[in-house]
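Only a predicted model underlies this, so the values are computations on that prediction, with no experimental measurement involved. A note on names: the letters A, B, ... follow the listed sequences, proteins ahead of strands, and every chain is numbered from 1.
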Amino acid sequence: MSEVIVITSGKGGVGKTTTTANLGVGLAIRGKKVVLIDTDTGLRNLDLLLGLERRIVYTLVDVVQKRVNYGQALVRHKKYTNLFLLPTSQVADKTAIEPEQMLDIVEAMKNEFDYILIDCPAGIEQGYETAVIGADWAIVVTMPEISAVRDADKIIGRLQASNKKIKLVVNRIRPQMVKEGTMLDMTSIDDILSVECIGQVPDDEKVVDSANRGVPVVEWKDSAAGDAYRDIVGRVCGEEIPFKPLEAETFWQRLKHVFGH
Amino acid sequence: MFNFMRLFGGKSDSSSEQAHKRLKFVLIHDRANVSPEIMEHIKNDIIKVISNYMEIDQKGMDISLENDEDAVALVANIPVNRMRPVVGRKH
Ligand SMILES: Nc1ncnc2c1ncn2[C@@H]1O[C@H](COP(=O)(O)OP(=O)(O)OP(=O)(O)O)[C@@H](O)[C@H]1O
Ligand SMILES: [Mg+2]
């Protein structure tokens, strides 16, 4: 039986798709059979982050409209052969998939995979309902910014109302700002939202670099965000991994930043 | 921005502490579906009712929503200056 996890947020642009891609690759590296479902119809990006954009033949919308079965729409990763993407359409819009149709597809896939990860679009409209309906539990991604935390709380309320368990990921933390008292840290966001945190991911230039290449940072050895994502993967697998303190910049790194490298 | 208050040891909150406090406030209202505007209306109505019986210190008055282990409470702190005379009190 699969574990079905939706990655959602409230506010847009906080790192849902990045988190989905990294979690997917990280779980696949551990030998799990994983499928990632993109539900951001019309604004798909998960294919790009995984380097699979040129291999898409059919999409979730074709599956919903019964032109093909889901197996024909799956794109298999070349390097991680137990990792699959079920892409969505870039031309249709969110109304193309009803929540009940999504539920049927997730149910049909449940015997084949260890993990089904669903990348949710931003907002609380139909796209949200479609993404969330089939999930056993949810990862809420937020950023250490006042508006992103408020919007996360709204989504958390929604998820609790539909009896979904929730874990939090705080993304794009800047340890230097936390140290200076100009950015919320994980502990205080935890206190405000009262949801268990399973990850704090630093803001890391390598995330952008990795998106350029279509290779998620979780497989990069020299990336602080990659380290954080590897820990999240472990925690999703049920391991007890203590939180490491995020490193603020050293004096020399700061000097380098001030003078623009 | 350069913060003089902090340089000279003044008691200004860091911006992360301010964010923490402001979020706590706004989320109590978001969760209860009670906007600060409605709180203002409730306050004015309370003043009207209580003023029939007591003379209250409107400036010192404070009403707020508070979170107490999963339940939300409406907490009012209303300083009373003195009781109004019993005569003419409405029943
Ligand atoms: N830890 C990080 N460090 C640096 N940049 C990051 C980090 N996480 C995400 N980003 C960048 O933030 C942007 C938004 O990320 P992403 O697309 O994953 O967000 P999203 O929540 O899926 O957005 P949307 O709501 O539009 O679907 C991207 O440009 C990504 O590269
Ligand atoms: Mg996205």
Practice item. Flag yes if more than 12 heavy atoms outside A:Lys165 fall under 6.0 Å of its NZ atom; otherwise flag no. Key: no

Review point. Any chance NZ of A:Lys221 has more than 12 other-residue heavy atoms, nucleotides or ligands included, within less than 6.0 Å?
Key: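 Yes, because the 6.0 Å sphere around NZ of A:Lys221 holds more than 12 heavy atoms from other groups.
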
Heavy-atom closest pair, residues [X] and [Y]:
X: A:Ile192; Y: B:Leu27; answer: CG2-CD1, 3.3 Å
X: B:His20; Y: A:Leu184; answer: N-CD2, 3.9 Å
X: B:Arg31; Y: A:Leu193; answer: NH2-CA, 4.1 Å

Check your understanding: For the candidates A:Arg150, A:Met177, A:Met183, which exhibits the highest count of non-hydrogen atom pairs separated by less than 4.5 Å from chain B?
Key ->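 Result: the option with the highest number of such pairs is A:Arg150.
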
Review point. For the atom pair NZ (B:Lys21) and OG (A:Ser188), what is the distance rounded to the nearest 0.5 Å?
Key: 12.5 Å

Exercise for review: Look up atom NZ in B:Lys24 and atom CG in A:Asp191, then write down how far apart they are to the nearest 0.5 Å.
Suggested key: 4.0 Å

Exercise for review: For salt bridge (charged side-chain N to carboxylate O under 4.0 Å, His left out), just list the numbers for A:Lys154 and B:Asp30, CA-CA rounded to whole Å, side-chain angles, deciding distance to a tenth of an Å, and then say yes or no.
Suggested key: CA-CA 8 Å; A:Lys154 182 116 186 182; B:Asp30 283 3; over 6 Å; no

Review point. Has the side chain of B:Ser16 got a donor or acceptor atom that lies under 3.5 Å from a matching backbone atom of A:Gly181?
Key: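 Yes, because the side chain of B:Ser16 sits within donor-acceptor range (under 3.5 Å) of the backbone of A:Gly181.
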
